[in-house]
Amino acid sequence: MTRQKIAAGNWKMHKTLTEGQGLAQEIRTMAESELMSNATLMIFPPFIHLQSIAKQMEGSNIIVGAQNMNENEQGAFTGEVSASMLTSIGVKHTLVGHSERRQYYNETNASCGAKIRTSLKHGITPVYCIGETLTEREANTHFEVVKTQLLALEGLSSEELSKCIIAYEPVWAIGTGKTASAEQANEMHIHIRSVLAALSNADCANGISILYGGSVKPDNAKSLFGMSDIDGALIGGAALQSRDFLDIAKSF
Ligand code: 13P
């Protein structure tokens, strides 16, 4: 089964609107002139830039997604953004449960599960972020922690599950310059795929793209992408430089 190869840039809370538009334009220009691989490019700018950057990327193959989405349809949720708000500006992808949101904004596996269900209902592809902390890895509980995070997907049909993307981001590798080795990452991706197969079936699990995130750079992308179960990357810091982002996307 050929899975979609994805290079996704999470801009986090970086870039003013003008800077963000500039970065998106550079990425588009470079991708159109250089990107010969079959990689799908995705960018996840801050909410406030979404409408303008989504418009700017129209007619390109670059997917523009949100970094978060509220699980409720609408209502008194000050500061939040709903699924229908995203689709109303043409945005059809969202990150769900990034470790920074779990850490600083109390997102839980249960709230992530609710966000995923709402997103699917609206035709939005969730990129579900999971991964263990350093303490959990040192305690040798990382496989169990990741499995529990994946249980947020329990009860989805195979058809729904096949619309999800998973991003494995060990918290200890995010923004630290410490990448999991390609073998360490792949070992976890194989585990994730087996949990997905148990939640649905092997065919469905084999079709789901599982991205690795955590200090992905142009110089380590090739070895990560060379592994059997690593289908791409969710990139933080290096996605803020158009050259680095493109070089990673060219490493498939
Ligand atoms: P870095 O690539 O900066 O480590 O960030 C990874 C990440 O959190 C992407 O979502």
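Numbering of ligands and ligand atoms starts at 1, following listing order.
- Neither the backbone nor the side chain of Ala239 comes within contact range of ligand 1; no heavy atom lies under 4.0 Å.
- Looking at ligand 1, you'll find an N or O of Gly175 within less than 3.5 Å of one of its N or O atoms.
- Using a 4.0 Å cut-off between a side-chain N of Lys or Arg and a carboxylate O of Asp or Glu, Arg193 and Asp231 qualify as a salt bridge.
- Looking only at distances, no side-chain donor or acceptor of Gln103 sits under 3.5 Å from a matching main-chain atom of Glu100.
- Considering backbone and side-chain atoms alike, Gly237 places an N or O below 3.5 Å from some N or O of ligand 1.
- Contacts between Asn10 and ligand 1, counted as non-hydrogen atom pairs separated by less than 4.0 Å, involve the side chain only.
- In the displayed structure, Gln74 atom CD is contacted under 6.0 Å by at most 12 heavy atoms of other residues, nucleotides or ligands.
- Lys92 contributes no side-chain N or O that, together with a main-chain N or O of Thr125, makes up a donor-acceptor pair within less than 3.5 Å.
- Results of the side chain to side chain donor-acceptor pair (under 3.5 Å) test with Glu132 over Gln149, Arg137, His142 single out Arg137 as the only residue that passes.
- Residue-ligand proximity: Lys12 is placed with a non-hydrogen atom under 4.0 Å from ligand 1.
- Summary of contacts: the protein heavy atom closest to atom 7 (C) of ligand 1 is Glu169 OE2, 3.1 Å.
- With Glu136 contributing its side chain and Thr141 its backbone, the two residues share no donor-acceptor pair below 3.5 Å.
- Nearest to atom 1 (P) of ligand 1 by heavy-atom distance, out of Ser215, Ala233, Gly177, Ala167, is Ser215.
- Atoms of ligand 1 found under 4.0 Å from any heavy atom of His98, numbered from 1 in the order shown, are 7 (C), 8 (O), 9 (C), 10 (O).
- Within the 4.0 Å heavy-atom shell around ligand 1 one does not find Ala238.
- Note on ring orientation: taking the six-membered ring where Trp is involved, the planes of Phe252 and Phe225 are parallel (angle under 30°, cut-offs 30° and 60°).
- Near Ala173, meaning under 4.0 Å from any of its heavy atoms, are these atoms of ligand 1: 4 (O).
- Every residue two or more places apart in sequence or in another chain that forms a salt bridge (Lys or Arg N to Asp or Glu O under 4.0 Å) with Lys163 is listed here: Glu159.
- Remark: minimum distance from atom 2 (O) of ligand 1 to any protein heavy atom is reached at Gly236 N, 2.9 Å.
- Close N/O approach between Thr176 and ligand 1 is not found [any backbone or side-chain N/O within under 3.5 Å].
- Checked against Cys112 for a side chain to side chain contact (heavy atoms under 4.5 Å, CB included), the options Arg101, Glu71, Arg102 give a single hit: Arg102.
- Short contacts between ligand 1 and Gly214, defined as distances under 4.0 Å to a heavy atom of the residue, involve ligand atoms 4 (O), 6 (C).
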